Amino acid sequence: MPLEYTTITQVSGPLIVVEQVADVHFDELVEVETGRGDIRRGRVLEASEGSALVQLFEGTTGLDVRSSKVRFLGRVLEIPVSPDIVGRIFDGAGNPIDGGPKIVPEKRLDINGNPINPYRRAYPSEFIQTGISCIDCMNPLVRGQKLPIFSGAGLPHAQMAAQIARQATVLGTEEPFAVVLGAMGITFEEADFFISDLRSSGALNRSVLFINLANDPVIERTATPRMALTVAEYLAYELDMHVLCILTDMTNYAEALREISAARKEVPGRRGYPGYMYTDLASIYERAGRIHGKKGSITQIPILTMPEDDKTHPIPDLTGYITEGQIILSRDLHKSGIYPPADVSVSLSRLKDKGIGEGKTREDHADVLNQLSDAYDRGKEAKELAVVLGEAALTEIDRIFLEFSDEFERRFINQGVDENRSIEETLDIGWELLSLLPRTELKRVSQENIDKYMPKKLEQKVSD
């Protein structure tokens, strides 16, 4: 039986200080029994000779330090796992909230995971089809990659996350595919949206959801992404599944870090966030990847809302350093009624060249990507020029690219919330748009691909 201590000396926010303790270790699980017999859980944040700093998952509200008993359990926070975990919904602490039974564990895993040996990491190379053209064609997602979505308040990142969860698949393989969603600090409406959307589409049967609501304990919020990633690692590396892990909203996670840091009276860093936030975020993002000798993989899509749409804010700034690109949502496109409002001009997938081409998507993919990107950028420049000088100042070729950029947003970027385009359909739409341009401007596509993929009825127009 663990020793019981009645030596709580300080309470600060979700933290308590317990004195006169022995053999206490960092990250050790703690139980606090209140005077009324309720049990609150926590973990050790700091352990020094004779004292321990403990954070309580359920908070310290109403805690009577004189009548409460503290027990140190001698183990870290773990989650029970088994193949039956797929299709289930849990709270941020790993407790079932779907009305189903508790998981009968095959094993219990430390939620902090184990670092992947860099030598054993396999380079991401297989294309993942999300069914969303602005991702699949312009910023392809590769198996084992971490590709965040930078959003803003009021933008439809939740709809995008649900659509990706429904539609994502690894092309050219029959291997099992699963989705793990870790939601942190979201509203009840958002949680209900995710659950209802995945259930109605049948995607819930291949998903595992961890839901931490905005009114749930802040401490629990810091454990939620690690719960999700531990399950993802179990499914990928022990059950040989391809796993897509979606984490939303990382901004809420970082705010929880800041709140705990303030309660610990730590010296703040940029904008009050703790100085170790880079290391903490990296401990989450770096759990994506592939391992030599393992069939499964973990692909990660963290979603974060940029405060005041500021890309230089510490959260997106640090995330950009750690991850392999970013999809940035545009408020202007959203106001124009474009869904998904992804700004392909400033978005980037650093591994896009590794997952496209013959045998992976199609041999014309790189040509279409480069030509569409170049033409869209020229069209946006022409639009800016028209605002400054007026459309009368535009040349004939400027007007063509201006028309192209409008059509690109309307027909290529814009698609239905339930529209699942194959990569072939996406590339074919790209060729139809390229037919709007004179042949002399198609400098980034080969003649061989033009002959093979340009719509026949439009070839004459392109050659003019």
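Quick caveat, the model's predicted, so the values are computed rather than measured.
By the side chain to side chain donor-acceptor pair (under 3.5 Å) test, Arg411 is found to be paired with Glu432, residues two or more places apart in sequence or in another chain being considered. Not counting sequence neighbours, the partners of Asp406 by the salt bridge (Lys or Arg N to Asp or Glu O under 4.0 Å) test are Lys383.
For the pair Asp343 and Lys380, the salt-bridge criterion is met [side-chain N within less than 4.0 Å of a carboxylate O]. By the 4.0 Å N-to-carboxylate-O rule, Glu286 lies close enough to Lys146 to be salt-bridged with it. Ion pairing between Glu31 and Lys69 fails under the 4.0 Å rule for side-chain N and carboxylate O. Checked for salt-bridge contact, Arg71 and Glu4 meet the test: a charged N lies under 4.0 Å from a carboxylate O. Using a 4.0 Å cut-off between a side-chain N of Lys or Arg and a carboxylate O of Asp or Glu, Asp280 and Arg226 qualify as a salt bridge. Taking a cutoff of 4.0 Å between a charged side-chain nitrogen and a carboxylate oxygen, Asp317 and Arg270 qualify as a salt bridge. The pair Arg221-Asp249 does not count as a salt bridge, with every side-chain nitrogen at least 4.0 angstrom from each carboxylate oxygen. At a threshold of 4.0 Å, the pair Asp309-Arg331 counts as salt-bridged, since one of the basic side-chain nitrogens sits closer than that to a carboxylate oxygen. Checked for salt-bridge contact, Arg108 and Glu78 miss the test: no charged N lies under 4.0 Å from a carboxylate O.
No more than 12 heavy atoms of other residues, nucleotides or ligands shown are found within 6.0 angstrom of CZ on Arg36. Atom CG of Asn114 is surrounded by 12 or fewer heavy atoms from other residues, nucleotides or ligands within 6.0 Å. Heavy-atom neighbours of Asn215 CG from other residues, nucleotides or ligands within 6.0 Å: above the threshold of 12. No more than 12 heavy atoms of other residues, nucleotides or ligands shown are found within 6.0 angstrom of CZ on Phe188. The number of heavy-atom neighbours closer than 6.0 Å to CD of Glu424, taken from other residues, nucleotides and ligands shown, is above 12.
Counting only distance, with no hydrogens or angles, the side chain of Asp27 and the backbone of Val76 share no donor-acceptor pair below 3.5 Å. Proximity of a side-chain donor or acceptor of Thr7 to a complementary backbone N or O of Glu19 within less than 3.5 Å is detected. Although no hydrogens or angles enter the test, the distance criterion places no donor-acceptor pair under 3.5 Å between the side chain of Ser336 and the main chain of Ile338. Within the 3.5 Å criterion, the main-chain N or O of Leu56 finds no donor-acceptor partner in the side chain of Thr60. A side-chain donor-acceptor contact under 3.5 Å links Ser68 to the backbone of Asp64. When atom types are taken as modelled, the side chain of Thr299 and the backbone of Gly144 share a donor-acceptor pair closer than 3.5 angstrom. A side-chain donor-acceptor contact under 3.5 Å links Gln415 to the backbone of Glu419. Put simply, the side chain of Ser373 never gets that close to the backbone of Asn370: no donor and acceptor are under 3.5 Å apart. Checking side-chain atoms of Ser196 against main-chain N and O of Phe193 turns up no donor-acceptor pair under 3.5 Å. Side chain of Gln129 to backbone of Ile423: a donor-acceptor contact under 3.5 angstrom is found.
No side-chain N or O of Arg166 forms a donor-acceptor pair with one of Ser201 less than 3.5 Å apart. With no hydrogens or angles considered, no side-chain donor-acceptor pair links Tyr285 and Glu324 at under 3.5 Å. A donor-acceptor contact closer than 3.5 angstrom links the side chains of Thr230 and Arg287. Donor-acceptor pairing under 3.5 Å is lacking for the side chains of Arg121 and His292. In this structure, a donor-acceptor pair under 3.5 Å is absent between the side chains of Tyr376 and Ser345. There is no side-chain donor-acceptor pair under 3.5 Å between Arg421 and Thr426. When only modelled atom types and interatomic distance are considered, Asn212 and Asp91 share no side-chain donor-acceptor pair under 3.5 Å. For the residue pair Thr312 and Asp310, a side-chain donor N or O sits within less than 3.5 Å of a side-chain acceptor on the partner.
Heavy-atom minimum distance, Ile79 versus Val231: CD1-CG2, 3.8 Å. Considering all non-hydrogen atoms of both residues, Asn414 and Tyr339 come closest at OD1-N, 3.0 Å. Shortest non-hydrogen contact noted between Arg290 and Tyr123 is NH1-O, 2.8 Å. For the residue pair Lys265 and Ser12, the shortest heavy atom distance occurs at NZ-OG, 3.9 Å. Here the closest non-hydrogen pair linking Pro148 and Gly325 is CD-O, 3.0 Å. Residues Phe194 and Ala161 come closest through the heavy atom pair CE2-CB, 4.0 Å.
If you take CD1 on Ile149 and OG1 on Thr319, they are separated by 13.0 Å, rounding to the nearest 0.5 Å. In this structure, CD in Glu425 is found 11.0 Å from CG in Asp136, a value given to the nearest 0.5 Å. From Arg40, atom CZ reaches atom CG of Leu63 across 5.5 Å, with rounding to the nearest 0.5 Å. One finds the CD1 atom of Ile211 at 4.5 Å from the CD1 atom of Ile186 (value rounded to the nearest 0.5 Å). Atoms CG and CG, from Leu229 and Leu109 in turn, are 12.5 Å apart once rounded to the nearest 0.5 Å. Between the NZ atom in Lys102 and the CG atom in Asn95 there is a gap of 6.5 Å [rounded to 0.5 Å].
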| request: Mind running side-chain contact (heavy atoms from CB on, under 4.5 Å) on Glu266 and Tyr276 for me, showing each step along the way? | output: CA-CA 11 Å; Glu266 295 174 332; Tyr276 52 79; 3.0 Å; yes

| request: Apply the test side-chain contact (heavy atoms from CB on, under 4.5 Å) to residues Arg41 and Val32: give CA-CA distance (whole Å), side-chain angles for both, the deciding distance (0.1 Å), then the verdict. | output: CA-CA 6 Å; Arg41 300 164 304 139; Val32 176; over 6 Å; no

| said: Show, in sequence, the C-alpha distance, side-chain angles and deciding distance for Cys137 and Leu427, and conclude whether the side-chain contact (heavy atoms from CB on, under 4.5 Å) test is met. | reply: CA-CA 7 Å; Cys137 178; Leu427 293 173; 4.0 Å; yes

| task | Might you work through the side-chain contact (heavy atoms from CB on, under 4.5 Å) test for Ile298 and Leu244, ending with a clear yes or no? | result | CA-CA 6 Å; Ile298 300 175; Leu244 177 64; over 6 Å; no

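Here His313 and Tyr273 bring their ring centres to under 6.0 angstrom of each other.
Considering only heavy atoms from C-beta on, Leu141 comes within 4.5 Å of Thr130 through its side chain. Contact of the Arg43 side chain with the Val54 side chain is not registered, since no non-hydrogen atoms from C-beta on lie closer than 4.5 Å. Side-chain contact between Ile132 and Ile164 is present, with heavy atoms from C-beta onward closer than 4.5 Å. Side-chain contact between Cys134 and Pro340 is present, with at least one heavy-atom pair separated by less than 4.5 Å. The side-chain heavy atoms of Leu53 and Ser51, taken from C-beta on, include no pair separated by under 4.5 Å. Within the 4.5 Å cutoff, no side-chain heavy atoms of Ile327 are placed close to those of Ile301.
A side-chain hydrogen bond (donor to acceptor under 3.5 Å, both in side chains) check over residues 346-356, counting only residues at least two apart or in different chains, returns the pairs Gln145-Ser349.
Taking the six-membered ring where tryptophan is involved, the planes of Phe177 and His242 are tilted, since the angle between them lies from 30° to 60°.
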